[in-house]
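Keep in mind that this is a model prediction, so the values were computed, not measured. The chain is numbered in sequence order, starting from 1.
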Amino acid sequence: LMGIDLMIHPEKAKQLDRYVETIEFNGLVWGITAMLSAPVLMGGCYLFVRMRQKYGISVREYLALKKLTWKDWLIWPAATIGFVIAMDWVLQLAGAPEMDPWMEKMANNATYFGWMAIAVVITAPLTEEFLFRGFLFRGWQNRIGVPLTILVTSLLWTVIHVQYTIYGLAFIFCIGIFLGIARVVTGNLWVPILIHFVNNTWSTIGMYFFMRETN
């Protein structure tokens with residue numbers, strides 16, 4: 001009935017679209033949602049892993065939570081920035097815009113940008129990596145093999161970012177492969193988290209300066 005009403009009254013549909021857009025780009029909503037969802041998702045992963053401790057696998061071992069070395073702090077952020085710059089160059093050669101339209105729209109419409117930055121830069125890397133390169137990765141690598149695990153987790157991670165264009169999705173899939181390779185090479189979940197943090201920080205800084213220039 002609501003759908004029929006919106007078809008009959010297009011002005012109501014426009015009002016609803018504006019309301020949804022207001023919520024979509026409200027940084028405070030992003031921040032609160034992220035802070036509420038992070039303990040649930042990460043706590044769920046922790047509890048499922050705890051259930052496997054009877055097989056002699058600790059939470060730290062299952063999720064590959066090891067201390068980062070000074071080399072990790074130097075090499076992986078530099079490699080991430082180099083990868084991002086190279087991918088941006090390749091995608092722009094393929095016809096991608098300088099900034100993804102959804103990110104551009106966010107930059108032009110975002111409110112409470114600081115809260116949004118917290119959600120994107122801090123919460124997203126933690127929750128998404130705990131799920132995809134932590135919990136799911138360890139659970140699948142012995143069943144379907146490491147290469148296929150990297151591929152499947154990257155595909156699933158890409159699917160949850162459907163708001164982006166095909167170019168944005170291509171970038172997300174490729175950096176997902178990069179994250180999976182880093183997870184395998186180092187055997188440490190904190191490395192993908194660090195890479196994800198650097199990537200999102202880079203994107204957020206770019207979006208902030210774009211917002212300053214256009215507003």
Would you find a donor on one side and an acceptor on the other, under 3.5 Å apart, between the side chain of [X] and the backbone of [Y]?
X      : Y      : result
Arg138 : Leu63  : no
Asp100 : Tyr164 : no
Lys66  : Gly187 : yes
Asp72  : Thr69  : yes
Arg183 : Arg133 : yes

(message) Taking atom CD1 as the centre, does Ile166 end up with more than 12 heavy-atom neighbours from other residues, nucleotides or ligands that are less than 6.0 angstrom away?
(response) no

(message) Within the supplied structure, the quantity of interest is the number of heavy atoms (other residues, nucleotides, ligands) at a distance under 6.0 Å from Phe113 CZ; does it exceed 12?
(response) yes

Can you list everything that forms a side-chain contact (heavy atoms from CB on, under 4.5 Å) with [X]? Sequence neighbours excluded, please.
X      : value
Thr33  : Val29
Ser37  : none
Val120 : Trp30, Met116, Asn200, Thr204

Acceptor/donor pairs from residues 75-98 side chains to any protein atom, 3.5 angstrom cut, sequence neighbours excluded:
from, atom 1, to, atom 2, distance (Å)
Thr80, OG1, Trp76, O, 2.6

(request) Return the set of residues passing ring-ring contact (aromatic ring centres under 6.0 Å, His included) with Phe197 (not counting sequence neighbours), or none when no residue passes. (result) none

(request) Report the residues that fulfil ring-ring contact (aromatic ring centres under 6.0 Å, His included) with Phe173, sequence neighbours left out, ordered by chain and then residue number. (result) none

(message) Rounded to the nearest 0.5 Å, what separates atom OG in Ser154 from atom CZ in Phe137?
(response) 8.5 Å

(request) Examine Trp102 together with His161 and report whether their ring centres are nearer than 6.0 Å. (result) no

(request) Flag the pair Phe135 / Phe48 as yes when their ring centroid distance falls below 6.0 Å, and as no otherwise. (result) yes

(message) Here's a test for you: under ring-ring contact (aromatic ring centres under 6.0 Å, His included), which of Phe178, Phe130, Trp157 qualifies with His196?
(response) Trp157

